[in-house]
Structures are given as C-alpha cells and as structure tokens.
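Presented below is the structure to which this report refers.
Computed from a predicted model, the values in this text were never measured in an experiment. The chains referred to below are lettered A, B, ... by the order of the sequence lines, with proteins before strands, and numbering in each begins at 1.
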Amino acid sequence: MNLIEDLRWRGLLAQSTDEAALLDSLKKPTTLYCGFDPTAPSLHAGNLVVLLVLRRFQLAGHNPIALVGGATGLVGDPSGKNEERTLNSTEIVEGWVNRIRTQVSSFLDFDAPKNPAQVVNNLDWTSPLSAIEFLRDIGKHFSVNQMLSKDSVSARLEGGGISYTEFSYQVLQSYDFLELYRRNNCTLQVGGSDQWGNIVAGLDLIRRVEQGSGHALTVPLLMKADGTKFGKTAGGSVWLDPEMTSPYAFFQFWLNSDDKDVINFLKVFSFKSHEEILELEKSHNENPGLREAHRALARELTSLVHSEETTQRVEAAARALFGQGELSELDEVTLASALAELPRTTISASEEIPTWVDLLAASGVVDSKSAARRIVKEGGAYLNNEKISGEDFRPSKTDFLCGKYAVLRKGKRDLAAVELA
RNA sequence: GGCGGGUUGCCCGAGCGGCCAAUGGGAGGGGACUGUAAAUCCCCCGGCUCUGCCUUCGAAGGUUCAAAUCCUUCACCCGCCA
C-alpha cells in the first residue's frame, strides 16, 4: 500500500491536485512542506493532525520541511475566521516562533541520512524584501479578481469585512511556496483543508514565475462524532506544551475520547499498522467498557508528544487516583509521584488548616469560592475519595495521608493535591 | 462628511425607569445511571466576610427617591447616502 492509499484509509485526504501526477512524483523522494503560524505560545492537539502527516511522509522516504510562520504570523490568516484578528506584537510573535520551532522539531528526524527534515522561518526571506519589490515582483502576478474569489476572502466580504493586511495573506503564503520551490525544489505543500485556496495560489505563482509545477494535498478538518470541534476541553485547547496542558491532562484527554471517535482518532493520529488498528476496533466493539482502544490511543500520543517515561508515570498516577483501592493503602512514594501530576497547593503545618472551600479555590480547580461552596452543596466534593458535607468542613492533620498529602476532588475526575509542609 | 441602527454576563440573545444579578438558548459545572464513554433525567451557573452585602448591562458624566432602561459627550461596529 502506498502512502496516499494509507492516508486515504486513515481519513486524512481532503483534496489534492491531480492525483495521478502526485502519485507519480511521489515514486521518488519528494520535498514537501507544511506551515505553522505562531498564533499561540504552543501548538495544540489539532495541529498534530497535519504535523503527523508530515512525519508520515518522512517515514515514507520523503523530505519534510516544517515552516514556522514568523512572517505570516505577524499578518494573520483570514482562513476559517469570520473576524479580523488582533495583531500580536513582533516581540510576542518572535517568542512564539522559537517555542513552536522547538516543538515541531521533536516530531521530525533531522539526522535521517537520506531524507533529513528541516525547519525554516518565512521571516528569513520576507523581511529583506522591500514593499516596492514585493508589489512589483510578487504582487504583479496576482489578480485581485481571483484573490477575491477565495473562500477565506469572500466569506469575510459578506461578513465582518477584511483588512488589506489579512487580504494579503495568501500572497505571502504563495511566496513561501515559491521560495521553497526555488531553494529546496519543494514541490508539495500539505495543510488543513482550509488552506486549499492559499496552497493553490502558491502553485499558480510557481507556474507563472518559474514555469514550474507542484502539488497540493489537504487533510480534512477533524470533527468529533457529535459535530463539535476536535481538541477542546472544558479548560480550553489541549496544548502540546506540558506547562500549558499537563501530561496528566493530556493523557486523560485521549482516554476520555467518545467511543464513537476513538477508532477514527487512532487512524488519524496513531502510527500503528492497519492490522493493529482493526484489531483494536474489534476488541472495542466487543467490549467498549474495557477501553482498550482509548488506552492505546492515550499511551501512544502521550509517549509521542511527551515521552514513554512520562506516560508510565501519568498512567500510574491515574491508576492510583482512580483505583478502587483505598488511597490510604498507597505507599508514600507511589502517592507522591501520583500527586506530582496534579495541581497542588502547599500549606504550612504550623498554621491552622484552611477550610475545604479555601483549599479548593487555592488549588485552582474552581474559579471562585462561590463555585467551591456550590460544589459542596451539590455533593460533588471529596477529600481522599470521601464525600464532604458542609461548607465549613476543615480537614484535620489525620486526614493527611502519610502525614503529608491530601487529595481534593471536584466531581468525578477533577483532582488537586494539598501538601502539608 | 451626512443620516439611521447597534454595543447586555463565557457565546447568542431578551429586557427599554422600580417586581433586574437581569427571561430564554448554547457552552460549562454537580448529581443519578454507567465504563474516568455516549444518551437520558434532576439541579446549579457574577463575586463575597452569603437570611445580607458588593460589583456588573461599551466608557465617562447627568436627570431621578430610583437607570441596563431617560439625557449629554466619547469610543467602536453595522447599514444607506456623499
């Protein structure tokens, strides 16, 4: 099975330029790229879809280039947005570029002897360009009529309007493709399906300026079975940065996938073989309660994004905290490492222990003390897995396991640790 | 530049002098049922030193015993005209 067939099987093909020509060119090692704009300090789970496609291409022997949009990130892509973006300062974007560059790098192999990956920043070739050069050398090849017809632009013309800045985005992205075509003989760009217009604009530019040809491939926007956007939880986006989404939360995110989504997610994100996935699908259908597929998904992704060692730690923590066994039966080492994965507050042993409400608010599990009180009233408050009643409840020293730790819980799975120091 | 319409809690959106912390929906949260799933049902959903108090309805002033609701100015958005 070739790469394209594999991508199709996984549901990763949305659109492509002439497939026969693309297949033909992929018979030999091809240089391809995908861009990531710095719109936040970290990439999120949704970015993983296309980032892993890049990795799939490398594993199939092609040369991937990850482009970090130091320039395009300053301008803002109108695609998929119904409102103008607020511009971020150059310092902020620069900081994000560096972080995302590092992040992206961990998914690609830069030492592959035959097809090493590269990371580039489009600011490198965009910033030396003067406005006049840009208009004469690049702008001249663009027809405003065509630019207006792009979905990303026309949607905005009908809606909230679009600034000249964002209108120009497609020109910048096209120029990136041209530049990589010239420098690296990059002939394929992949991206989310919302990028189709920008990508084919690049192909047009290459054709006009260099009389060259290239290919475009987009992956579908991943949706959950219930029709909502993938990658959001109550807390917001699921980030790849462990500071922004803890590995514990990251693992839980995958583990809590909807049954109807899990096999689909395995296809999209996992590097397991088709046979392995079909096997998991079978066992999942036979006994969904076991959640083997969920676990396999969570393990693989957490290991890939963080590390195998982290996965083991995080999974052990979840086992300890969700286990049927008594928390008090855990030894101090197990308990300490499990709690290390949770948000925590430290209180002083010499002072009076605060009330449960204060502790929970301090740990950040709830937004306010009112919310904490509400939880108690509704019967969703637990100390060391025991239900608490009464807002004024105050843990005593003996509630601290191993004399040191208390586990606060809100609802079924929102946990925090209190350490007595 | 002129005329008209708008700006309400996380989002959408009622309210148009007191009965307004503000109808309704969505999102979110808790409980029950389960499998740390989905669906369903019940409850909650500004804050606090919580039978009360405080801060909110674009911003700042004003009228009034009393304003999200009336007046003035400013800012931003959306139409139509120039």
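In this structure, B:G79 forms a base pair with B:C3, meeting either the Watson-Crick or the G-U wobble geometry with both donor-acceptor distances under 3.5 Å. As the counterpart of B:G35, no nucleotide is assigned, since no Watson-Crick or G-U wobble pattern has both distances under 3.5 Å. Under the Watson-Crick or G-U wobble criterion, with both distances below 3.5 Å, B:A59 is paired with B:U73. Pairing partner, B:C10: B:G26, with both Watson-Crick or wobble hydrogen-bond distances short of 3.5 Å. In this structure, B:A21 makes no Watson-Crick or G-U wobble pair, since no nucleotide meets both defining distances under 3.5 angstrom.
Here B:C78 presents its C1' atom at 17 Å from CD1 of A:Ile162, a figure rounded to the nearest Å. Between the NZ atom of A:Lys410 and the C1' atom of B:U36 there is a distance of 14 Å, rounded to whole Å. Between the CG atom of A:Asn287 and the C1' atom of B:G35 there is a distance of 9 Å, given to the nearest Å. Between the C1' atom of B:U49 and the CG atom of A:Asp358 lies a distance of 11 Å, rounded to the nearest Å. As a whole-Å value, the separation of A:Ile263 CD1 from B:A38 P is 16 Å. Note: CG (A:Asn285) to C1' (B:G35) measures 15 Å, nearest angstrom. Straight-line distance from the CD atom of A:Glu391 to the P atom of B:G47: 13 Å, rounded to whole Å. For the pair A:Lys377 NZ and B:C45 P, the computed distance is 7 Å after rounding to whole Å.
For B:U7 and B:C57, the P atoms lie 13 Å apart once the distance is rounded to whole Å. Here, B:A75 and B:C42 have their C1' atoms 46 Å apart, quoted to the whole Å. As rounded to the nearest Å, B:G46 and B:U55 have C1' atoms that lie 8 Å from one another. Rounded to whole Å, the separation between the C1' atoms of B:G9 and B:A14 comes to 13 Å. Rounded to the nearest Å, the gap between the C1' atom of B:C70 and that of B:C53 is 28 Å. Atom P of B:G24 sits at a distance of 13 Å from the matching atom of B:C43, rounded to the whole Å. Using atom P as the reference point in both B:C77 and B:U69, the two lie 23 Å apart (nearest Å). Distance noted for atom C1' between B:G13 and B:U34: 36 Å (whole Å).
The side chain of A:Arg413 contributes an N or O atom lying less than 4.0 Å from OP1 or OP2 of B:A37. Here A:Ser257 does not reach the OP1 or OP2 of B:A37: none of its side-chain N or O atoms lies under 4.0 Å away. Phosphate proximity of B:C45 to A:Arg373: absent, as no side-chain N or O sits under 4.0 Å from OP1 or OP2. Within the 4.0 Å cut-off from OP1 or OP2 of B:G31, at least one side-chain nitrogen or oxygen of A:Tyr382 is found.
Contacts of A:Ser370 with the nucleic acid, taken as non-hydrogen atoms under 4.0 Å apart, include base atoms. A:Ile375 comes within 4.0 angstrom of sugar-phosphate atoms only, judged by non-hydrogen atoms across all strands, and of no base. If you check every strand for non-hydrogen atoms under 4.0 Å, A:Asp258 touches sugar and phosphate atoms only. Nucleic acid contact for A:Lys369: sugar-phosphate only, since backbone atoms but no base atoms lie under 4.0 Å from a heavy atom of the residue. Residue A:Arg374 is in sugar-phosphate contact alone, with no base atom involved, counting any heavy-atom pair closer than 4.0 Å across all strands shown. Across all strands shown, A:Gly380 has heavy atoms under 4.0 Å from sugar-phosphate atoms exclusively, and none from any base. Residue contacts for A:Ala381: at a heavy-atom cut-off of 4.0 Å it reaches no nucleic acid atom on any strand shown.
No N or O donor and acceptor, one from the side chain of A:Asp414 and one from the base of B:G29, sit under 3.5 Å apart.
Using a 4.0 Å cut-off between charged side-chain N and carboxylate O, A:Arg8 and A:Glu19 make a salt bridge. Under 4.0 Å is where a charged nitrogen must lie from a carboxylate oxygen, and between A:Lys224 and A:Asp258 no such pair does.
The 5' end of RNA chain B is approached more closely, in terms of each residue's nearest nucleotide, by A:Gly411 than by the other of A:Gln252 and A:Gly411. Nearest-nucleotide positions on RNA chain B for A:Leu290 and A:Gly379 put A:Gly379 closer to the 5' end.
Each of B:G35, B:U36, B:C33 was ranked by its minimum atom distance to the side chain of A:Lys412; first place goes to B:C33. The side chain of A:Asn256 sits closest to B:U36 out of B:G35, B:U36, B:G47. Listed nucleotides B:A38, B:G29, B:U36 differ in distance to A:Glu378; the shortest reach to its side chain belongs to B:G29. Listed nucleotides B:G47, B:U36, B:G30 differ in distance to A:Leu255; the shortest reach to its side chain belongs to B:U36.
Considering all non-hydrogen atoms of both residues, A:Arg56 and A:Phe271 come closest at CG-CE2, 3.5 Å. A pairwise comparison of heavy atoms in A:Val50 and A:Cys34 identifies CG2-SG, 3.6 Å as the closest pair.
Residue A:Asn2 qualifies as enclosed at atom CG: its count of foreign heavy atoms under 6.0 Å is above 12.
Counting only distance, with no hydrogens or angles, the side chain of A:Arg299 and the backbone of A:Thr311 share no donor-acceptor pair below 3.5 Å. Proximity of a side-chain donor or acceptor of A:Asn264 to a complementary backbone N or O of A:Asp261 within less than 3.5 Å is not detected. Judged by distance alone, with hydrogens and angles left aside, the side-chain atoms of A:Asn115 form a donor-acceptor pair with the main-chain N or O of A:His62 at under 3.5 Å.
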